[in-house]
Number of protein chains: 2
Amino acid sequence: MKAGERAYTVLRDDILNWRLAPGTPLAEIEQAERIGVSRTPVREALARLIAEGLVESRGRVDSVAAFSTDHLVELFEFREALETQAARLAARRRDPEVFRSLRDEFQLAAAKSSVDESERDAFYALVARFDAAVDRSVDNRYLTNALTGLRTHLVRARRLSRDNPERLARAAAEHLLITEAILAQDETLAVQATAVHLHSSLVNVMATLRQTEPQPA
Amino acid sequence: MKAGERAYTVLRDDILNWRLAPGTPLAEIEQAERIGVSRTPVREALARLIAEGLVESRGRVDSVAAFSTDHLVELFEFREALETQAARLAARRRDPEVFRSLRDEFQLAAAKSSVDESERDAFYALVARFDAAVDRSVDNRYLTNALTGLRTHLVRARRLSRDNPERLARAAAEHLLITEAILAQDETLAVQATAVHLHSSLVNVMATLRQTEPQPA
DNA sequence: TTCACCGTCAATGTATACAATGGAGTTCCA
DNA sequence: TGGAACTCCATTGTATACATTGACGGTGAA
């Protein structure tokens, strides 16, 4: 693997998994030594991370981008813009076969009253396949690009909340509705079901946060 | 000015103004010599341009990103996602004073049946101030960031079409409606007026294109 | 004691030397 | 004659030396 890629992967992974906390300064030499490459690929990696919004360049020092409740709300407003449009376009252009099969899978998941811990990863994988199917249907490089960047930030956000089994089952039901709307080429319903899902999702995260950290610093 | 900034500015400017045509390969050494800096800042500039989507990295060669009619349509689908959401949030949070003053200005521009060549730059400047006011009202870093990137691509797209005086006057009327909706905090109307504006805008560009280039390569 | 100036230094910014890589052309074999 | 492999070369990838800059602390004078 090329050094630049390595530096990027390591730093990105550390940031997404909160091993590098928001605000942590990222000095070139220090990171270069830690990762085991020279400053040049580190600079390249930092440039990419800044462009993605995972690193902030304040003055001369780069540091891990902040992430607070405010960020979360803003992220979901942005997400609403992208995902409702994606749902609309997917409904317009979807391949029926793909979404029929996704519908069947979401039906199975939604039939349960809760999604067990052991099935959690499988459910996330299903959602990821749904996202990929939407991307392919939408077939719009600008939108897909933006969605990819958005999902990166959502990975970081996920660590803030806790998806319990009941929430996952409800999420499955919400995805089922969106999938059905896309399959039926009902653009309006696809948009609105997506908005509903995002609302529930944000409410759940915020509730979790209030539970976990009653007193934010 | 720092060399990296210089390289970025020069390349970006050349791409946006079509002095570097889509598909033009951007070899590091060649560009470094042309701009008068070393390869390092050129690499940094290219990285930023790739992140912005103005340069594509196909295999080992970077080249100016393609831009076709397809891209234009996709760009406007993306634009619809961002700008309708921006309009909604701006309507929710706007400072009345700011939009009252913008409304008055758009009223003046829309009152004319056509916006003269000499007033064109002034009108674009007005739209830019409108965009800035929306950004400030929306107050969402992710959305604002995405909008900034979008506008960059729109600058490049503008060179494809020709805004005639009648179109500009209609654009003023459309902006007036959006501004009024935001001022009235009518989120639904703000969204829909924005969608209407984008539709008209795209129709105009496409018509211009068919006129200019009846036979696309 | 306080403030302004200056020197030191640690960090980033830039250039360049060197390594690795991938592609084009050529040669040789089947 | 077709194609496979090899060689050469141009270009990118990486490391590092050197330049620049901005911050901090110390020293001096008011």
Side-chain angles (χ1 to χ4, degrees), chain A residues 1-16 19-67 141 145 148-149 152, chain B residues 1-16 19-67 141 145 148-149 152:
Chain A
M1 185 191 258
K2 282 187 290 194
E5 198 64 20
R6 210 160 91 78
Y8 172 72
T9 305
V10 169
L11 283 171
R12 185 176 187 277
D13 205 57
D14 285 344
I15 293 171
L16 291 185
R19 284 189 294 274
L20 289 171
T24 307
L26 300 171
E28 291 178 6
I29 296 174
E30 182 189 338
Q31 294 304 318
E33 286 173 354
R34 184 172 77 93
I35 298 168
V37 298
S38 79
R39 281 176 54 212
T40 308
V42 170
R43 286 177 71 85
E44 186 200 318
L46 287 175
R48 288 173 67 182
L49 292 166
I50 288 169
E52 268 184 286
L54 289 177
V55 170
E56 288 168 344
S57 183
R58 295 191 315 264
R60 254 161 69 112
V61 294
D62 298 335
S63 47
V64 178
F67 200 85
R141 50 207 115 192
N145 244 352
T148 301
T152 299
Chain B
M1 184 190 258
K2 281 187 291 194
E5 198 65 19
R6 210 159 91 78
Y8 171 73
T9 305
V10 169
L11 284 170
R12 185 174 187 277
D13 205 57
D14 285 344
I15 293 171
L16 292 185
R19 284 189 294 273
L20 288 171
T24 306
L26 299 172
E28 291 178 5
I29 298 174
E30 182 190 338
Q31 294 304 319
E33 286 173 354
R34 183 172 77 93
I35 298 168
V37 298
S38 79
R39 282 175 55 212
T40 308
V42 169
R43 287 176 71 85
E44 186 201 316
L46 287 174
R48 289 172 67 181
L49 292 166
I50 289 170
E52 269 185 287
L54 289 177
V55 169
E56 287 169 344
S57 183
R58 294 191 315 265
R60 252 162 72 108
V61 293
D62 299 335
S63 46
V64 179
F67 201 85
R141 48 207 119 192
N145 244 352
T148 302
T152 299

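Basis for what follows: all heavy atoms, side chains included, without hydrogens, waters or symmetry-related copies. Convention: sequence-line order gives letters A, B, ...; per-chain numbering from 1. In this text the structure is predicted, and so the values were computed from the model without any measurement.
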Taking CZ from B/Arg43 and P from D/dT14, how many angstroms apart are they, rounded to a whole number? 7 Å
Against B/Val64, only a single residue in B/Val55, B/Leu54, B/Leu26, B/Leu49 fulfils side-chain contact (heavy atoms from CB on, under 4.5 Å); can you say which? B/Leu26
Starting at atom CD of A/Glu44, determine the distance to atom C1' of D/dG13, rounded to an integer number of angstrom. 9 Å
Between A/Glu5 and A/Arg12, is there a salt bridge with N-O shorter than 4.0 Å? no
Just how far is it from atom NZ of B/Lys2 to atom OG1 of B/Thr9, taken to the nearest 0.5 Å? 11.5 Å
Which whole-number value in Å describes the distance from B/Arg60 CZ to D/dT14 P? 11 Å
Please state how far atom CZ in A/Arg39 lies from atom P in D/dG13, giving the value in whole angstrom units. 19 Å
How long is the line joining CZ of B/Arg58 and C1' of D/dT11, in whole Å? 16 Å
Of B/Asp62 and A/Val37, the one whose closest nucleotide on DNA chain D sits nearer the 5' end is B/Asp62
Going by the rule side chain to side chain contact (heavy atoms under 4.5 Å, CB included), which residues pair with A/Arg34 if we only count those two or more places apart in sequence or in a different chain? A/Val10, A/Leu11, A/Asp14, A/Leu20, A/Gln31
Once you apply a heavy-atom cut-off of 4.0 Å, does B/Val61 come out as touching a base, just sugar-phosphate, or nothing? nothing
Under 4.0 Å, counting only non-hydrogen atoms across every strand here, what does B/Gly4 touch: a base, just sugar-phosphate, or nothing? sugar-phosphate
Distance, rounded to the nearest Å, where A/Arg48 contributes CZ and D/dG13 contributes C1': 14 Å
Contact boundaries of DNA chain C with chain B (under 4.0 Å, heavy atoms), 5' to 3'? C/dG13 to C/dG22
Keeping the roles fixed (side chain from B/Arg6, backbone from B/Pro41), state whether a donor-acceptor pair exists under 3.5 Å. no
Taking the side chain as everything from C-beta on, heavy atoms only, tell me whether B/Arg19 gets closer than 4.5 Å to B/Asp13. yes
If I take atom NZ in residue A/Lys2 and atom P in nucleotide D/dT12, what distance separates them, rounded to the nearest angstrom? 12 Å
In whole angstroms, the gap separating P of D/dT12 from CG of B/Leu26 amounts to 10 Å
Worked verdict on A/Ile50 versus B/Arg48 for side chain to side chain contact (heavy atoms under 4.5 Å, CB included): CA-CA 9 Å; A/Ile50 288 169; B/Arg48 289 172 67 181; over 6 Å; no
